[in-house]
Amino acid sequence: MERLINDIIASGAFGKNPPLELVAALVIFVLSAVVFLGVAFPFAGIVTWVERRVWARIQSRIGPNRVGPNGVLQFLADGIKHICKEDIIPDESDPRLFKLAPYLVILAFVLPWAVMPFSQDLILADMNVGILYMTAITALTVVGVLMAGWASNDKWSLIGGIRSAAQIVSYEIPAGLAIFPVVLMTGSLSMQSIIMAQGWAPIDWFLFANPFSFVAANIMFISLLAEGNRTPFDLPEAESELVAGFATEYSGMRYVFFFMAEWGNTFILGAIMATLFLGGWQFPHVTENRVAMNVLQLITFNLKVLGVVFVAMWIRGTLPRVRIDQLMTLCWKYFVPISFASIIGTAIWVAIWPNGAPLVPWAMFGLGAAVGVVFLQRVVYYVRRSHMELYFKPII
C-alpha cells in the first residue's frame, strides 16, 4: 500500500508535493469502496446463484435458470422481492436489539476484507496481527445472531441463537489453535508475511510442510464451516427443527442481511485457508511489470479461494446435518486436543528442522495426490454402479 501511494504521488496526479496523509486517505477510501461495493457485496449475491446451481448438479436437479441467462440474475430478483416485502417487527420483541442484530452480522462480514491479501500490493491494511484481526472480527457474528434470537422473544429464535453461541464460541478455539502451527513456522501474524513465507508450488505450501500442519489445515477448514453455520453444521437455522432458527421472526431486507453475510463469509473462509495453507497469491515471477504481476497474483488468489468455496458447496450439497451433541463432541473431545497436539508437534518439528525437512513436503504432497486418486476411483465406481447419466455441459 505504501508503494502504491508513493507511486501515485510521484506520478503527479495530485499536483506537486501533496499532503501524504490526504493522498493516503483518498487512496484507501477509493480502494475500500471498490473492495466492499465491487467485490464483497456482489460476491455475497452471486454466490447464492452459483451455490444453488452447484447443489442442483450434485443432486440431479436443474436449479434456478429462468431469470436472466441461465438464471444468473436470480439473486437480483430475490433481492428485489425482499426489498418489496413488509419489514415486520413483532409486538413482543425488543425493537432496538431486533433492528440492530442484522447490521452486526453484516459488520462481521465486511470488516475482515480490510486485511484481505489479494496480491503483494492489493491489501487495504497489512496489519502485523492481520490473521488474529480477521478471526476476532468474524466472531462478532455470534453477538448479532444471539441478539436476534433474544430480541425476537420467540422460542425457536432463542434456541437458534443459543445454539449459535455455543457452536461459534466452541469452534473458535480449535480454529484459533490451528493458526499457531503456521505462526510457529513463520514467526509472524501478518497475512502478507505468512504468504511470503510460502511459494507458488504446492510443495512450498504450509498444507504439505509437515504432518502437523496438514492436520491443522483440516481442523481449520471444518471449524470454519461450523463457525459459518454451513451444512452439516447449520444447527442455528435447522429449518426442520426450528423453522428458521434465529431468523424466524425476520422479514424483508433484515432477513436477507443474515444470509447475505452467511454466503459472503464463504469467501472469507476460502481466503483464510488460501492464506494460511495454500500459498495465497504466490505466482511464479514471469515479468518485471509490477502491475501485471499483481493481476496474476489477484487471479491466483481468487482461484484458490473459489476452489475452497466450491468444496464447501460440495459438502453442503452432499452431507446431512449432524446432531448438536455430535457437533459439540467433535469439537471438545477431538478437535481441541488434536489442535494442541499439532501445536506441540510443530514446535518440536521447527526446533529440529528450522528450515524444514527437504523430503517431507514431497512425501506429503505424494500422499495427498494418492488420496485424491483413490477418491476419484471411488467416485467413478459409484457413478458406473448407479448407471447415472452424466452431463458435462456447465449450462443446462
Side-chain angles (χ1 to χ4, degrees), residues 1-7 24 27-28 31-32 35 111-139 175-210 212-217 219-221 223-224 267-285 290 293-305 308 339 342-343 345-347 349-351 353-357 360-361 364:
M1 181 63 71
E2 292 180 4
R3 185 188 296 271
L4 176 62
I5 294 172
N6 292 331
D7 290 344
V27 170
I28 292 174
L31 289 178
S32 300
V35 169
L111 291 181
W113 291 75
V115 294
M116 198 82 72
F118 293 102
S119 73
Q120 59 181 334
D121 294 324
L122 293 178
I123 182 172
L124 295 179
D126 183 16
M127 302 172 62
N128 58 359
V129 290
I131 188 62
L132 286 186
Y133 166 85
M134 180 172 282
T135 55
I137 289 298
T138 53
L177 293 174
I179 297 173
F180 281 94
V182 174
V183 175
L184 289 171
M185 288 185 286
T186 60
S188 175
L189 292 169
S190 166
M191 299 185 75
Q192 290 288 58
S193 298
I194 291 172
I195 293 175
M196 291 177 182
Q198 303 175 73
W200 66 269
I203 61 168
D204 295 324
W205 298 349
F206 286 147
L207 177 65
F208 302 114
N210 58 67
F212 305 105
S213 63
F214 184 83
V215 171
I219 290 176
M220 172 65 79
F221 179 67
S223 298
L224 290 175
F267 193 95
I268 297 175
L269 179 156
I272 293 175
M273 290 300 302
T275 299
L276 293 179
F277 299 104
L278 303 178
W281 44 256
Q282 288 282 10
F283 190 84
H285 192 79
R290 196 172 186 86
M293 281 303 301
N294 274 274
V295 171
L296 293 173
Q297 291 166 356
L298 174 65
I299 294 172
T300 301
F301 180 79
N302 281 280
L303 287 177
K304 290 178 180 178
V305 170
V308 176
S339 298
S342 68
I343 294 174
T346 303
W349 188 278
V350 172
W353 295 288
N355 297 321
V360 170
M364 292 296 300

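Quantities reported herein were computed from a predicted structural model and do not represent experimental measurements.
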| request: Report yes if some heavy atom in the side chain of Phe221 is under 4.5 Å from a heavy atom in the side chain of Val308; otherwise report no. | output: yes

| Does any N or O in the side chain of Lys304 come within less than 3.5 Å of the main-chain N or O of Trp281, such that one atom is a donor and the other an acceptor? | no

| In Å, rounded to the nearest 0.5 Å, how long is the span from CD1 of Ile194 to CD1 of Ile131? | 6.0 Å

| remark: Closest heavy-atom pair, Ala178 versus Pro181, reported as atoms and distance to 0.1 Å, is O-CD, 3.3 Å

| task | Can you label the angle between the Trp353 ring and the Trp349 ring as parallel, tilted or perpendicular, going by 30° and 60°? | result | tilted

| query | Does the side chain of Phe118 come within less than 4.5 Å of Leu124's, by heavy atoms? | reply | no

| remark: One should read off an interatomic distance between Ile195 CD1 and Ile123 CD1, to the nearest 0.5 angstrom, of 7.5 Å

| task | Quick one: closest heavy-atom pair of Pro284 and Trp200, and the distance? | result | CG-CD2, 3.5 Å

| field | Non-hydrogen side-chain atoms of Ser190 and Asp126 separated by less than 4.5 Å | value | yes

| Check: Ser223 side chain, Met220 main-chain N or O, donor-acceptor pair, under 3.5 Å | no

| How far does CZ of Phe277 sit from CD1 of Ile179, to the nearest 0.5 angstrom? | 8.0 Å

| request: Could you tell me which non-hydrogen atom of Trp205 sits nearest to which non-hydrogen atom of Leu278, and how far apart they are? | output: CE2-O, 3.2 Å

| task | Looking only at non-hydrogen atoms, find the nearest pair between Leu298 and Ser119 and report the distance. | result | N-CB, 4.2 Å

| field | For the student: nearest non-hydrogen atoms of Ile343 and Leu184, plus distance | value | O-CD1, 3.7 Å

| query | Do the non-hydrogen side-chain atoms of Thr138 and Ile272 ever get within less than 4.5 Å of each other? | reply | no

| query | Within the distance-only criterion (no hydrogens, no angle test), does the side chain of Gln198 pair as donor or acceptor with the backbone N or O of Thr275 below 3.5 angstrom? | reply | yes

| Donor-acceptor pair, Asp121 side chain versus Asn294 backbone, under 3.5 Å? | no

| Hey, does the side chain of Gln282 reach the backbone of Gln297 with a donor-acceptor pair shorter than 3.5 angstrom? | no

| note | Here the gap from Met191 atom CE to Met134 atom CE, rounded to the nearest 0.5 Å, amounts to 4.0 Å

| query | Do you know the tightest heavy-atom contact between Ser213 and Phe206? | reply | OG-O, 2.7 Å

| Check against side chain to side chain contact (heavy atoms under 4.5 Å, CB included), Val360 and Phe208 | CA-CA 8 Å; Val360 170; Phe208 302 114; over 6 Å; no

| request: Determine whether more than 12 heavy atoms belonging to other residues, nucleotides or ligands lie under 6.0 Å from atom CZ of Phe180. | output: no

| Ser193 side-chain N/O to Leu189 backbone N/O, donor-acceptor pair under 3.5 Å | no

